Each structure stands twice: as structure tokens, then as C-alpha cells.
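Below is one structure, written out as C-alpha cells; the observations come after it.
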Amino acid sequence: MSSKALKILVSGDVEGNLDKLFGRVNTIQKKSGSFDLLLCVGEFFGSNTSEWEKYKSGQSKVPISTLILGPNDPTLSECYQNNTDGVELCENLTYLGRKGTFTGSSGLSVAYLSGKEGDRSELGVFSRQDVSSLLLPCEGDTKFRGVDILLTSQWPKQPEKYASDVELDTEQCGSDLISQLALGLRPRYHFCATEDVFYERQPYRNHKVLVEKEKHVTRFISLAKVNNSQKKKYLYAFNIIPLCNMDEAELTKQPSDVKECPYKKGSFNHPDKDEHAQYFYDTNTTEKGKKRKREDKREQKKHPRPSGPCWFCLGSPEVEKHLVVSVGTECYLALAKGGLVPDHALILPIGHHQSMVLAPDGVREEIDKYKKALIELYKQNNKSVIFFERNYKTQHLQIQAVPFPDDRKQEAKDSFMECAEAESLTLDEIPKHSDLKQIVPVGAPYFYAELPTGEKLLHRISKNFPLQFGREVLASVQLLNMPERVDWKACKINRQEEETHAEDFRRQFEQFDFTLE
């Protein structure tokens, strides 16, 4: 299994020295070529925010896509907009949030935990509950192999055991919770900071020799502060192929200097867990007398939850629930925000699933039910529909359903091919009864469309894919003839109008809504 290696940079505590950091990054990129990502551990902001103000206002530009952890010092919370869930702070600079995991379009998996150990969960502090929430999804997953990268600000406790010495007392400054997190997540790289020390430990095993099957090794690295007076190393560069794109033999190759795992293997004691919030959302606001027969089943259903913020998980506070039209057992239907047309809809899983390739059978089956229902609805209005999915730069599965005049459906395939040629993209037609899971590898980014004439089109994304490609095709002269509406941001309307459109669409969809049966 082959895949292009990603070029990653990792920085220690920046403490507001943004010009120094990004100046150094620019120098490295001029010399070694462009990098894919910059990750920052430790304290990113400092008491002096003068340099940050230049980037925040747009006067200065962040030169590379940069992901940062949250504060260790709670007094710096304003720099993070007092946000616990993660947010884009300026162009190319994203605060990940207090804790979580995510998988990028390349397949790179990253777990992160901000702050220092404490008794409560808030900005600047993490608790046993936070670590438990990161470990629990992995413990029962027989297919879990580990994560590519773990980012923490605080050190684990005694990572130097069985390896070279380090110039600080990690028994005092380290966290046993982070040791347990590293033990459970099995990162290939674990980066931390805060102690102004550069330390690169010899790689350690994640299995017991002659007792367990070989697993990949972990490399632990601590980075010094940016602009430190002793010129300790604060920026680390490396190449990595995401583990989901590697075969087992290549992934588990043991380097000659590998050492034993420094952390004691044992069961992590999870704190008492609150019951997960219910994902059920009552969309029946107008007909109080009609009871939804599937309500009890839906309330009992437990769905995968994201470790970080997600705008599309139905149980997430970020979801704009006024756009929700119908809620099933596994999926829900909503109007698209900034839709191309008023009846542009989205089919989404209730729980956290990234793509159709990764979605379980139950989710896929209910998506098909919603597709069939929408086809019938649009047909009643003399419209055909194109369904498309972009598994690229998104973390939650979204099936876009865009209706257009039925008398133009024969133009759909040519429209896709012409737009693809204009963008220098290759669109392959795959067999009509094929399964996407059998064609696309797990973790691989792709664009997929189903046409009303039965064709299925697939583009395997490698780089520089236009994010609005699907909308661009639908907005073309041959189909909807509204090129000015390609960008969804140009199509946004106020909340009152959105509520009116959603209510209208809900009434139209009601006779086709299988969840009411």
C-alpha cells in the first residue's frame, strides 16, 4: 500500500513570538519546499499580544495551515475567544479545542489534549474525565491500531524510563493521566512542551516481546520555547505516511534503537460517566396531535460522538436545528444553509461518521431511504435530483441533494465532465451497482455523485480539489443556470427566512417521510 508522505512541522511554546516562529517557517520552506501542516504544543499566546494583533487584523499572514492547543494559563482565554470547542482564529490558524481527535482528508489521525492536569475541566485545565473521553472510544474497538500524532502541552510522567536521561524531574512536572493516554492511544509521535526542554527519546515498543503481536513504535519528543536564549531546538520537522495508508509489515517495522515502553500497563479507571445527551430532536412543531411512532426507539439509540467540535452531529450545540426537517433512527434530513435553491437538502448521520466509506450499514440503509423519499418529492414537482458527497476537508458525512428541472437531466453527465475538464480533474464512471466501500480505500479523500440517469461518478482527490465543485456543476448553464450562487456564503439568508423555508419544506416532505410511519 503506497501513499504520499506528509511533511509536518511541530513547534514548542510560542508565547506570542509569532514573527519569530513564522519567519523561521518561511526560511525552512524556501530551503526545503512547502510543508503540509504546522502543529504547535505548549503556550501559543503570551502576555504581549502586539504581534498577534497584526495576524488577527490581516496585516500579517500565517504562512502555513497551523493547528494550536488551548491555553495552559487561563488568563489567556480571551485570545481563544473563551472557546472550549475550537475555532478558526484567523486565516490559516485554528485552535483545536480543549481535547479531541480528528482525521484529516489525507487520513492523518491526530489526538490532542490542552492545558495542565487538574480536578476540573475548563480552559487551561484537563481532568480524568477528559482523558477518559479520549480513551473510551478506542478501548472497545478491535480495529483500532493507534493514532498518528498525540499533542499535549504537559509532559507525561517519566517518559525517560529505559531511555536516555532528561534534564528535569518528570515525576514532579509530568502527568500520569497523559502517560495513560499515550499508553491507550498508541501514537506514532507524541509531542509536548512547557518545560523549555528539547528531548527526543529513543522510540519505544507498544507490545510485549514474544507475548503480543508486533505493533508500531512511539517516538516521544519535547520541544523548547520559541526564541529561547540558549538556542535549544523548538521546531521539529518530519515526514509521515498516515497509518491507515500503510500495510502492517511496514507500519510495525522495529528500529534498531527501540526500547521498552516507559509506562506501566494497567487498566485506566474511568470516572463515573454521565449518560450521553439524547440526539432526538422533535421537528414536529406544528401538529401537536400527531405522535412520532419511532420516538422510543430513537431515544434509546446511542450514536458515535465527536471528540471535538462538529457542526453536523445532531446532539452538538453547534447544529442549527431550525433547519432540521426529519429525524430518523440513524440519520436526519435538513435544509442546506446557503442552498443553491430553496429545496436544496442535506442527508446526514445523527452520530459522528466521516464518510459513506466509513459509515456502518444501518446508516447507509437509512440514507438510501431518505434518497428515495426525496426523489419522490422532487418528482412530484417535475424535478430530478443529483446527490453528491465530498469527503475532503470535512469531518462529518454530508450527502447533498440538489433538485433541478427534470427536462435537463440528460445534460447532467456532460455538465460534470465539462466542469471536471475545466478544473483538470478526472471523473471516473463506476458500475451502477458497485459499492463505494469496495472501490475507495479507508481514509482516502474523494468526490462522488449519483445522477438521475443512473450514472455514478467518482474522483479520487489527490490535491487542490475545488471545494465548490459540486455546486459549480449544478449552477452551470446546462442545469440551474445560476453561476452567481456557486459560493454558499453568497446565498445565506437571515434566520427568519431559513425557518420559513424549513417549515415549507417540512410540510411538502411530510407525505414521503418514512419516520412518521
Side-chain angles (χ1 to χ4, degrees), residues 1-12 35-41 67 69 96 99-113 131 134-135 137-139 141-153 155-156 159-164 178-193 198-209 212-223 233 235-263 265 307 441-444:
M1 191 182 298
S2 62
S3 177
K4 180 185 175 185
L6 301 172
K7 296 174 66 177
I8 310 289
L9 287 168
V10 187
S11 165
F35 279 71
D36 295 288
L37 194 61
L38 169 62
L39 306 170
C40 298
V41 290
L67 305 179
L69 294 180
L96 287 168
K99 61 179 172 63
T101 59
F102 75 90
T103 302
S105 60
S106 63
L108 185 76
S109 55
V110 179
Y112 55 92
L113 181 66
V131 174
L134 293 173
L135 288 174
C138 311
E139 288 185 353
D141 187 354
T142 56
K143 294 181 180 178
F144 178 74
R145 295 201 289 174
V147 297
D148 288 305
I149 299 172
L150 171 62
L151 305 175
T152 64
S153 284
W155 276 57
E160 73 279 10
K161 189 177 181 182
Y162 307 126
S164 52
I178 290 180
S179 299
Q180 295 302 309
L181 183 65
L183 192 62
L185 293 184
R186 299 196 295 273
R188 296 166 67 197
Y189 286 86
H190 178 185
F191 293 95
C192 72
F198 172 71
Y199 176 72
E200 184 170 10
R201 188 199 191 279
Q202 292 95 335
Y204 65 80
R205 298 184 184 93
N206 282 297
H207 65 278
K208 291 180 181 178
V209 178
E212 296 175 321
K213 184 181 176 182
E214 278 193 350
K215 295 184 175 71
H216 61 264
V217 301
T218 295
R219 291 172 167 82
F220 171 79
I221 297 148
S222 168
L223 293 160
K233 186 169 182 175
L235 199 58
Y236 188 92
F238 68 107
N239 296 338
I240 185 170
I241 297 174
L243 64 82
C244 66
N245 296 331
M246 297 181 70
D247 59 44
E248 200 68 20
E250 185 182 6
L251 179 65
T252 58
K253 226 177 256 184
Q254 304 292 298
S256 58
D257 59 343
V258 67
K259 305 292 184 183
E260 288 302 309
C261 178
Y263 313 125
K265 292 183 183 293
S307 301
V442 171

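None of the values given here were measured: they were computed from a predicted structure. Quick note: numbers below take in every heavy atom, side chains included, and nothing from hydrogens, waters or symmetry partners.
Residues Cys138 and Leu185 have side chains in contact (heavy-atom distance under 4.5 Å, counting atoms from C-beta outward). Side-chain contact between Leu96 and Leu151: present, with at least one pair of heavy atoms (C-beta onward) separated by less than 4.5 Å. Within the 4.5 Å cutoff, the side chain of Leu223 has heavy atoms near those of the Phe198 side chain. Put simply, the side chain of Glu260 reaches to within 4.5 Å of the side chain of Val209, judged on heavy atoms. Side-chain atoms of Leu181 and Leu135, non-hydrogen and from C-beta on, do get closer than 4.5 Å to each other. Residues Cys261 and Arg205 have side chains not in contact (no heavy-atom distance under 4.5 Å, counting atoms from C-beta outward). Between Cys192 and Val41 the shortest side-chain heavy-atom distance does not fall below 4.5 Å. Cys40 places none of its side-chain heavy atoms less than 4.5 Å from the side chain of Leu69.
With respect to the salt-bridge test (charged N to carboxylate O, under 4.0 angstrom), the residues Glu160 and Arg201 do not qualify. Using a cutoff of 4.0 Å between basic side-chain nitrogens and carboxylate oxygens, Asp148 and Arg188 are scored as salt-bridged.
For Thr218 (side chain) and Pro187 (main-chain N/O), a donor-acceptor pair under 3.5 Å exists by modelled atom type. The main-chain N or O of Lys215 is found under 3.5 Å from a side-chain atom of Gln254 such that the two form a donor-acceptor pair. In this structure, Tyr263 contributes its side chain and Ala182 its backbone to no donor-acceptor pair below 3.5 Å. In this structure, the side chain of Glu214 does not engage the main chain of His207 through any donor-acceptor pair within 3.5 Å. A donor-acceptor pair under 3.5 Å links the side-chain atoms of Arg186 to the main chain of Phe144, judged by distance alone.
The local environment of NZ in Lys7 is crowded, with over 12 non-hydrogen atoms from other residues, nucleotides or ligands closer than 6.0 Å.
Among all heavy-atom pairs drawn from Pro203 and Pro255, the shortest one is CG-CG, 3.7 Å. Pairing each heavy atom of Ser222 with each of Ala193, the nearest pair is OG-CA, 4.3 Å. Leu235 and Lys233 make their closest contact through O-CE, 3.2 Å (heavy atoms, listed as atom of the first residue, atom of the second, distance). In this structure, Thr103 and Ser109 approach most closely via the heavy-atom pair OG1-CB, 4.0 Å. In terms of heavy-atom proximity, Ala163 sits nearest to Gln202 at CB-OE1, 3.2 Å. The two residues His216 and Gly146 come nearest to each other via the heavy atoms CE1-CA, 4.2 Å.
One distance of note links NZ of Lys213 with CD of Glu248; it measures 5.0 Å at 0.5 Å rounding. Atoms CG and CG, on Asn206 and Leu183 in that order, are 7.5 Å from each other to the nearest 0.5 Å. Going from atom CG of Leu251 over to atom CG of Asn245 covers 11.0 Å, rounded to the nearest 0.5 Å. For the atom pair Tyr236 OH and Leu9 CG, the distance stands at 11.5 Å (nearest 0.5 Å).
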Step by step, work out the side chain to side chain contact (heavy atoms under 4.5 Å, CB included) result for Leu108 and Ile149. CA-CA 8 Å; Leu108 185 76; Ile149 299 172; 4.2 Å; yes
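Classified by interplanar angle (parallel below 30°, tilted 30° to 60°, perpendicular above 60°), the ring pair Phe220/Trp155 is perpendicular.
In this structure, Phe238 has its ring center under 6.0 Å from that of Phe191. Checked against the 6.0 Å centroid threshold, Tyr204 and Tyr162 do not count as a close aromatic pair.
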